Amino acid sequence: MPRFTPRFTPKFTPGFTAALRALALPLAALLAVSAPAPAQARAEPKAPKEFVALSDVDPTILQEIRYYTPHNFTGHPVDGYREPLCVLTRPAAEALHKAQRSLLRRGYTLKVYDCYRPQRAVNDFVEWAEDLDDQSMKGEFYPDVDKTRLFEDGYIAEKSGHSRGSTLDLTIVKLPAVPTRPYVPGEKLVPCYAPKDQRFPDNSVDMGTGYDCFDTRSHTLDPRIQGAQRANRLLLKDTLESLGFVNLAEEWWHYTYKPELFPDTYFDFPVSRRSLRGH
């Protein structure tokens with residue numbers, strides 16, 4: 001049989017109760033100050049109203065946004081690319097639309113590889129370049145370049161004109177366009193300057209090298225690039241330059257629309273439709 005223990009209820013004098021209350025108030029205030037504030041989700045930056053999705057200006061231009069995929073020199077999808085989407089300032093997109101109309105009449109279409117690039121993506125490139133142990137994609141994208149020289153040789157930088165919104169990487173595709181097969185991570189890599197029928201397949205015309213080839217053969221007017229390859233580069237160059245684009249001499253695929261709307265601003269909003277909402 002369980003033992004019954006009578007309950008004892010202490011009784012406090014009014015003075016003792018008042019003393020307890022006096023001690024409790026400072027303690028409560030101290031806890032309120034020291035307690036961490038509830039975590040709040042950081043709002044993502046949004047694109048200024050001057051930015052548009054290229055497909056809203058010209059849905060006929062092909063898009064193969066490489067940094068959304070692992071098929072790029074880093075070997076992984078790059079930070080900041082939430083969707084395979086080309087985003088540009090409106091003047092650049094409208095000028096590209098004019099270039100597309102010109103090429104369509106000749107049986108070609110433009111294809112973009114990259115457009116606006118957030119600063120976080122550039123930071124991802126820098127972090128990758130500093131990791132000398134990660135050379136998984138060397139065989140295709142920089143077979144003859146020592147990774148220790150990527151900054152010195154200008155292939156990687158801490159800032160990119162792409163982050164200003166008027167720069168893009170692109171090529172030309174002969175119509176009718178045949179889809180490019182997907183890259184399979186781990187597949188055998190072939191140097192980006194190999195003959196077109198040997199390097200990774202791309203439905204573009206032959207430009208002499210693949211996209212993002214870290215090699216002097218990628219220089220737009222490299223004298224080793226002749227014949228049809230040189231003609232294809234000049235077709236892209238002449239078409240775009242007639243509409244206000246300026247080529248980067250070291251990369252046949254790289255063009256900037258001038259004058260830039262944001263010549264001194266490097267944006268960091270993610271590449272996504274959500275970044276453009278509210279325009």
Side-chain angles (χ1 to χ4, degrees), residues 44 46-69 71-72 77-78 80-118 121 161-183 201-207 210-212 232-233 235-247 251-258 260-262 267 269-279:
E44 287 279 20
K46 297 290 186 181
K49 60 181 178 58
E50 293 86 355
F51 281 79
V52 296
L54 175 62
S55 57
D56 291 343
V57 176
D58 192 324
T60 69
I61 297 175
L62 303 180
Q63 299 191 30
E64 184 183 324
I65 307 302
R66 286 285 189 89
Y67 299 138
Y68 179 75
T69 79
H71 188 215
N72 62 73
V78 178
Y81 288 82
R82 307 281 175 80
E83 298 176 35
L85 182 71
C86 173
V87 174
L88 288 169
T89 55
R90 181 172 290 279
E94 291 178 346
L96 207 62
H97 169 61
K98 294 177 182 177
Q100 174 74 341
R101 287 192 300 180
S102 173
L103 288 170
L104 287 174
R105 289 193 291 268
R106 303 178 65 171
Y108 297 96
T109 178
L110 291 169
K111 180 175 79 170
V112 294
Y113 293 114
D114 190 37
C115 300
Y116 159 75
R117 181 185 305 164
H162 282 270
S163 302
R164 301 194 296 260
S166 295
T167 295
L168 69 159
D169 299 335
L170 74 171
T171 189
I172 293 174
V173 176
K174 181 71 174 175
L175 292 173
V178 177
T180 296
R181 73 164 176 84
Y183 165 75
D202 190 316
N203 61 359
S204 74
V205 299
D206 188 2
M207 293 290 190
Y211 168 58
D212 257 357
N232 290 333
R233 291 188 183 190
L235 174 58
L236 180 63
K237 187 173 187 288
D238 293 344
T239 301
L240 293 178
E241 288 185 343
S242 69
L243 294 166
F245 288 92
V246 176
N247 175 237
E251 298 176 353
W252 60 256
W253 55 81
H254 181 117
Y255 286 84
T256 300
Y257 183 73
K258 301 281 188 171
E260 295 183 67
L261 279 185
F262 303 100
F267 295 97
F269 60 86
V271 177
S272 69
R273 282 276 179 183
R274 182 183 295 274
S275 295
L276 299 171
R277 287 178 184 170
H279 285 189

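For reference, positions follow the sequence shown, starting with 1. Quick caveat: nothing in here was measured; it's all calculated off a predicted structure.
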- Message: For K174, give me all partners under salt bridge (Lys or Arg N to Asp or Glu O under 4.0 Å), at least two apart in sequence or on another chain.
- Response: none
- Residues that Y255 engages under side-chain hydrogen bond (donor to acceptor under 3.5 Å, both in side chains), provided they are two or more places apart: none
- With sequence neighbours excluded, tell me which residues meet ring pair (Phe, Tyr, Trp, His ring centres under 6.0 Å) with Y113. Y211
- Listed by chain and number, what are the side chain to side chain contact (heavy atoms under 4.5 Å, CB included) partners of T167, not counting sequence neighbours? H162, H254, T256
- Task: Go through the structure and list residues passing side chain to side chain contact (heavy atoms under 4.5 Å, CB included) with R106, not counting sequence neighbours.
- Result: Y108, L235
- Applying side-chain hydrogen bond (donor to acceptor under 3.5 Å, both in side chains) to T60 and not counting sequence neighbours gives D58, Q100
- Query: Is the side chain of E64 donor-acceptor paired with the backbone N or O of K111 at a distance under 3.5 Å, no angle test?
  - Reply: no
- Query: Quick one: side chain to side chain contact (heavy atoms under 4.5 Å, CB included) partners of L261, sequence neighbours excluded?
  - Reply: E50, T89, P91
- Residue set satisfying ring pair (Phe, Tyr, Trp, His ring centres under 6.0 Å) with F262, at least two apart, ordered chain then number -> F51, F267
- Donor-acceptor contact present, side-chain N203 to main-chain V178, <3.5 Å: yes
- Between the main-chain N or O of K46 and the side-chain N or O of S275, is there a donor-acceptor pair closer than 3.5 Å? no
- With P201 via side chain to side chain contact (heavy atoms under 4.5 Å, CB included) - residues at least two apart: R181
- Query: Okay, side chain of S242, backbone of T239: is any donor-acceptor separation there less than 3.5 Å?
  - Reply: yes
- Taking side-chain hydrogen bond (donor to acceptor under 3.5 Å, both in side chains) as the test, write out the residues that go with N247, two or more places apart. T220
- Results of side-chain hydrogen bond (donor to acceptor under 3.5 Å, both in side chains) for E94 - residues two or more places apart only: none
- Query: R101: what forms a salt bridge (Lys or Arg N to Asp or Glu O under 4.0 Å) with it, not counting sequence neighbours?
  - Reply: none
- Query: Any sub-3.5 Å donor-acceptor pair from Y257's side-chain atoms to L96's backbone N or O?
  - Reply: no
